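See below for the structure under consideration.
Quick caveat, the model's predicted, so the values are computed rather than measured. Every chain is numbered from 1, with letters handed out A, B, ... down the list of sequences.
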There are 2 protein chains.
Amino acid sequence: MPTTTAEDPTTSLFRALMHPTRVAILDLLRDGEQCVCHIEAQLGKRQAYISQQLMVLREAGLVADQRSGANVYYRVTNRHVFAVLDAARALVGSKAFTATTATCNCPQCQPEWAELVLHS
Amino acid sequence: MPTTTAEDPTTSLFRALMHPTRVAILDLLRDGEQCVCHIEAQLGKRQAYISQQLMVLREAGLVADQRSGANVYYRVTNRHVFAVLDAARALVGSKAFTATTATCNCPQCQPEWAELVLHS
DNA sequence: TTAGTATATTCCATTTCTTGAATATTGCAA
DNA sequence: TTGCAATATTCAAGAAATGGAATATACTAA
């Protein structure tokens, strides 16, 4: 049974942001859309777990997904969410999750893709 | 047993903000410090309940209290928290809690106090 | 169609949050 | 000291979040 009572939208937003993995996912999407496997590789968590957190973000309206072949790409629906994250970090004085060099099998992680971007 | 694992400070912040009553309390403190009875009157909640939420905000470091006679006054420790609230509202498009005309027995709610402020 | 990869969903046990109720504490005044 | 007002704390039951495990779905390729 989901949350049935109409909730204060501000509270709902904070509820969605109240989880380190979800915040890390949003940070990963600062650079643009990413496929699930990429998020998985970056965060070093199991696929099902990442998918669960993506579902929460999706239901909160913070991210949207788009299928492209076998991969699903997620993006932030409103970049203003980063203003919230930045304001929060300015208050508590912590840093955003920074991407590692981890790669996955998605097209974006293949060398050919980098070539494509460079030459476009 | 409290939360023992060291938590991401950003997450802790959102956890503290994830409650409508706590957000409303912070909004009430935009105009400066307020006594507990005032918050109680404005929000129309029981005293023990307000005190519980104040405890959460206090433990999160978002507010500080100061005793003055029989009354305890709470204030925001860092006004930057309002930037977080404002950014969140800009994203979800909702409004801040606005104070009502409700009054209580605290000095600030007595007519004499208004006089004092006006003449100072 | 079959197999394999990528992703999503459901189920469940555990932990944590919520909030009412009762009670404790602090300060003031008589 | 006694009593009262203002505030804080503790306790407990129900609701919700967490995260692991198993499974389902969607797409591609052969």
Side-chain angles (χ1 to χ4, degrees), chain A residues 1-5 7-8 11-25 33-60 63-75 103-110, chain B residues 1-5 7-8 11-12 14-25 33-60 63-74 103-110:
Chain A
M1 215 171 296
T3 306
T4 44
T5 45
E7 202 185 16
D8 170 30
T11 303
S12 306
L13 171 64
F14 289 137
R15 186 181 300 279
L17 297 179
M18 188 202 59
H19 195 289
T21 299
R22 295 198 286 268
V23 170
I25 289 175
E33 63 178 13
Q34 304 289 344
C35 71
V36 177
C37 65
H38 198 85
I39 298 170
E40 199 182 331
Q42 287 288 327
L43 268 44
K45 307 276 186 178
R46 292 173 312 108
Q47 177 272 318
Y49 179 71
I50 295 296
S51 197
Q52 280 176 341
Q53 303 303 162
L54 282 170
M55 190 190 332
V56 176
L57 290 172
R58 194 167 3 102
E59 287 174 349
V63 302
D65 59 321
Q66 185 185 350
R67 179 147 226 144
S68 172
N71 299 301
V72 175
Y73 290 83
Y74 277 85
R75 65 180 182 284
T103 56
C104 61
N105 296 324
C106 75
Q108 286 192 21
C109 281
Q110 304 315 310
Chain B
M1 212 173 294
T3 306
T4 43
T5 45
E7 200 185 17
D8 170 30
T11 303
S12 306
F14 289 136
R15 186 180 299 279
L17 296 179
M18 188 203 60
H19 195 289
T21 299
R22 295 197 286 267
V23 170
I25 289 174
E33 64 179 12
Q34 303 288 344
C35 70
V36 176
C37 65
H38 198 84
I39 299 170
E40 197 182 333
Q42 287 288 326
L43 267 46
K45 307 275 187 179
R46 291 174 313 109
Q47 177 272 319
Y49 180 71
I50 295 296
S51 196
Q52 280 175 339
Q53 303 302 159
L54 283 169
M55 193 191 328
V56 176
L57 289 172
R58 198 172 352 109
E59 285 173 351
V63 302
D65 60 322
Q66 186 185 348
R67 177 148 226 144
S68 172
N71 299 301
V72 176
Y73 290 83
Y74 277 84
T103 57
C104 61
N105 296 322
C106 76
Q108 285 191 23
C109 281
Q110 303 316 308

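Note: CD (B:Gln53) to P (D:dT9) measures 14 Å, nearest angstrom. Between the C1' atom of C:dT15 and the NE2 atom of A:His19 lies a distance of 12 Å, rounded to the nearest Å. At whole-Å resolution of the value, NZ in B:Lys45 and C1' in D:dA6 are 20 Å apart. Distance A:Asn71 CG to C:dG4 P: 19 Å, rounded to the nearest Å. Distance A:Asp65 CG to C:dT7 P: 11 Å, rounded to the nearest Å. The separation between B:Tyr49 atom OH and D:dC11 atom C1' is 17 Å, rounded to whole Å. When rounded to the nearest whole Å, the span between CG of B:Leu54 and P of D:dA8 equals 6 Å. In this structure, the CG atom of B:Leu57 is 14 Å from the P atom of C:dC17, given to the nearest Å.
Here A:Arg58 pairs with A:Tyr74 under the side-chain hydrogen bond (donor to acceptor under 3.5 Å, both in side chains) rule; sequence neighbours left out. Applying the side-chain contact (heavy atoms from CB on, under 4.5 Å) test to A:Gln66 and every residue at least two apart in sequence or in another chain returns A:Glu33, A:Arg75. Scored by the salt bridge (charged side-chain N to carboxylate O under 4.0 Å, His left out) test, B:Arg15 finds B:Glu7 as partners (sequence neighbours excluded). Annotation: side-chain hydrogen bond (donor to acceptor under 3.5 Å, both in side chains) contacts of A:Gln53 (sequence neighbours excluded): none. Every residue meeting the side-chain contact (heavy atoms from CB on, under 4.5 Å) condition with B:Ala48, not counting sequence neighbours, appears here in chain and number order: B:Arg46. Under the side-chain hydrogen bond (donor to acceptor under 3.5 Å, both in side chains) criterion, A:Gln52 pairs with no residue at all, not counting sequence neighbours. Shown here are the side-chain hydrogen bond (donor to acceptor under 3.5 Å, both in side chains) partners of B:Ser51, two or more places apart in sequence or in another chain: there are none.
One finds a side-chain N or O of B:Tyr74 lying less than 4.0 angstrom from the OP1 or OP2 phosphate oxygen of D:dA8. Side-chain nitrogen and oxygen atoms of B:Arg58 include at least one within less than 4.0 Å of the OP1 or OP2 phosphate oxygen of D:dT9. Using a 4.0 Å cut-off, no side-chain N or O of A:Asn105 falls inside it from OP1 or OP2 of C:dT5.
Using a 4.0 Å heavy-atom criterion, one finds that B:Arg46 contacts the bases of the nucleic acid, with or without backbone contacts as well. If you check every strand for non-hydrogen atoms under 4.0 Å, B:Tyr73 touches nothing.
Side-chain to base pairing of B:Gln47 with D:dA6: no donor and acceptor N or O lie closer than 3.5 Å to each other.
To the nearest 0.5 Å, the span separating CG on B:Asn105 from CG on B:Asn71 amounts to 9.0 Å. Rounding to the nearest 0.5 angstrom, the gap separating the CD atom in B:Gln47 from the CD1 atom in B:Ile39 is 11.0 Å.
Using a 4.5 Å heavy-atom cutoff, the side chains of A:Asp65 and A:Leu54 are not in contact. Between B:Leu17 and A:Leu17, every side-chain heavy-atom pair lies at or beyond the 4.5 Å cut-off. Using a 4.5 Å heavy-atom threshold, the side chains of A:Pro107 and A:Ser68 count as separate. Taking 4.5 Å as the limit, every side-chain heavy atom of A:Leu43 sits out of range of all side-chain heavy atoms of A:Tyr49.
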Between the protein and nucleotides 24-30 of chain D, list every N/O to N/O distance that falls short of 3.5 Å.
none

Produce the list of close N/O pairs, under 3.5 Å, pairing protein atoms with atoms of nucleotides 10-12 of chain C; give distances to one decimal.
{"from": "C:dT10", "atom 1": "O4", "to": "A:Gln52", "atom 2": "NE2", "distance (Å)": "3.0"}

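Taking a pair as Watson-Crick or G-U wobble with both distances under 3.5 Å, DNA chain D forms stems of 3 or more consecutive pairs at C:1-30 with D:1-30.
Within residues 35-43 of chain A, no residue approaches DNA chain D, by heavy-atom distance under 4.0 Å.
Judged purely by atom type and a 3.5 angstrom limit, B:Arg22 has no side-chain atom pairing as donor or acceptor with the backbone of B:Leu57.
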